[in-house]
K.L.:
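Can you read through this structure? Questions will come right after.
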Amino acid sequence: MKKIIIAPSILSADFSNLAHDVKMLEQIGADWVHIDVMDGHFVPNITIGSGVVKSLRKITKLFFDAHLMITNPEKYWRDFKEAGADLIVFHQEILADKKKLAKEIKDSGVKAGVSIKPKTSVEEIEGLLPYVDLVLVMTVEPGFGGQSFMEDMVPKIKRLRKVIDEKKYNCLIEIDGGINSQTSKICLKAGADVLVSGSYIFSAKDPTEAIKLLSI
Ligand code: DX5
Ligand code: ZN
């Protein structure tokens with residue numbers, strides 16, 4: 001059986017005590033830390049900058065998955081890389097040359113990913129698949145934690161799984177938005193490799209149990 005990667009989103013953590021919450025993620029067996037970076041332009045919210053990533057890098061060895069919901073990732077991704085991000089995910093819906101961006105990120109020695117918003121199809125990123133390590137499928141409109149999983153995104157996950165397997169691309173499928181112990185099953189069945197989960201994990205009475213339930 002393949003190992004499912006669990007990437008808790010610190011968007012739902014206590015921002016006054018981030019170090020404590022990230023240490024908690026280590027203890028409950030998280031694989032990655034999902035860091036939601038929002039610029040108040042690409043999405044209607046402002047969250048975490050590279051300075052926060054740099055500080056967190058000092059307290060954990062967990063893999064940092066930086067989800068850049070920003071209009072100009074070509075301008076800022078290096079800051080996140082230098083701050084300690086292991087994977088840089090930009091959005092398909094930005095204007096910059098995505099192939100060039102993916103190549104630059106990978107050439108710098110970190111992993112590159114592309115994310116698609118709910119209205120963006122798999123066909124739109126097919127040409128990019130040979131150049132990225134991961135595709136992040138949004139199952140909510142990006143911007144806020146705590147929203148409900150959009151079940152109509154499931155065919156997209158299945159389609160992506162089929163394309164990646166048929167063409168033998170070395171590319172993980174990550175799902176982000178509304179993941180809990182029920183919706184995780186739907187995503188895993190559809191072919192997901194990585195599950196992001198924010199409010200479900202951080203609001204759980206027993207986060208260790210909550211995280212376990214995501215991958216079984
Ligand atoms: C939304 C973010 C998500 C979000 C997930 O724009 O990209 O990572 O934090 O939070 P939940 O799991 O609460 O939907
Ligand atoms: Zn995210």
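Both ligands and their constituent atoms are indexed starting at 1 by order of listing.
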K.L.:
Report yes if some heavy atom in the side chain of Ser197 is under 4.5 Å from a heavy atom in the side chain of Pro8; otherwise report no.
P.N.:
no
K.L.:
Can you list the atoms of ligand 1 that are under 4.0 Å from a heavy atom of Pro142?
P.N.:
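This gives 6 (O) as the contact atoms.
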K.L.:
Only heavy atoms of Gly177, strictly under 4.0 Å: list the atoms of ligand 1 that pass.
P.N.:
14 (O)
K.L.:
Looking at every non-hydrogen atom in both residues, tell me the closest pair between Ala102 and Ala112 and how far apart they are.
P.N.:
O-CB, 3.9 Å
K.L.:
For ligand 1, which atoms have a heavy atom of Met69 less than 4.0 angstrom away?
P.N.:
6 (O), 7 (O)
K.L.:
Report the part of Ser199 in contact with ligand 1, treating N, CA, C, O as backbone and CB onward as side chain, heavy atoms under 4.0 Å; options are side chain, backbone, both, neither.
P.N.:
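For Ser199, backbone and side-chain atoms both sit under 4.0 Å from ligand 1.
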K.L.:
Only one of Val22, Leu62, Val33 forms a side chain to side chain contact (heavy atoms under 4.5 Å, CB included) with Leu56, so which one is it?
P.N.:
Val22
K.L.:
Tell me the contacting part of Phe144 for ligand 1: side chain, backbone, both, or neither, using a 4.0 Å heavy-atom threshold, strictly below.
P.N.:
backbone
K.L.:
Please work out the angle at the Zn ion (ligand 2) defined by atom NE2 of His34 on one side and atom OD1 of Asp36 on the other, rounded to 10°.
P.N.:
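Output for this angle: 90°, rounded to tens.
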K.L.:
Could you check Lys162, Lys167, Arg161 and say which one makes a salt bridge (Lys or Arg N to Asp or Glu O under 4.0 Å) with Asp165?
P.N.:
Arg161
K.L.:
If you take all heavy atoms of Pro130 and Gly127, which pair is closest and at what distance?
P.N.:
CD-O, 3.5 Å
K.L.:
Does the structure place the NZ or CZ of Lys54 under 6.0 Å from the centre of the six-membered ring of Phe80, at an angle of no more than 45° from the ring's axis?
P.N.:
no
K.L.:
Would one find an N or O of Val196, backbone or side chain, under 3.5 Å from an N or O of ligand 1?
P.N.:
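No.
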K.L.:
What I want to check is whether the side chains of Gln92 and Ser115 have a donor and an acceptor closer together than 3.5 Å.
P.N.:
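Note: Gln92 and Ser115 side chains miss the donor-acceptor criterion.
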K.L.:
Could you tell me the residue and atom name of the protein heavy atom closest to atom 12 (O) of ligand 1, and the distance to it rounded to 0.1 Å?
P.N.:
Gly198 N, 2.8 Å
K.L.:
Going by the order shown, which atoms of ligand 1 are within less than 4.0 Å of some heavy atom of Gly146?
P.N.:
11 (P), 13 (O), 14 (O)
K.L.:
What does the angle at the Zn ion (ligand 2) come to, between atom ND1 of His67 and atom OD2 of Asp176, rounded to 10°?
P.N.:
90°
K.L.:
Give me the nearest non-hydrogen protein atom to atom 10 (O) of ligand 1 as residue plus atom name, then the distance to 0.1 Å.
P.N.:
Gly145 CA, 3.6 Å
K.L.:
For ligand 1, which atoms sit closer than 4.0 Å to a heavy atom of His34?
P.N.:
8 (O)
K.L.:
Does one side chain, of His34 or Asp36, offer a donor that lies under 3.5 Å from an acceptor on the other?
P.N.:
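Looking only at side-chain atoms, Asp36 and His34 do form a donor-acceptor pair, the distance falling under 3.5 Å.
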K.L.:
So, Glu26 versus Thr60: side-chain donor-acceptor pair below 3.5 Å or not?
P.N.:
yes
K.L.:
Under 4.0 Å from a heavy atom of His67: give me the atoms of ligand 1 that qualify, with their elements.
P.N.:
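By the 4.0 Å cutoff, the relevant atoms are 7 (O).
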K.L.:
Taking only heavy atoms of Met38, which atoms of ligand 1 are found under 4.0 Å from at least one of them?
P.N.:
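Reading through ligand 1 atom by atom, the close ones are 6 (O).
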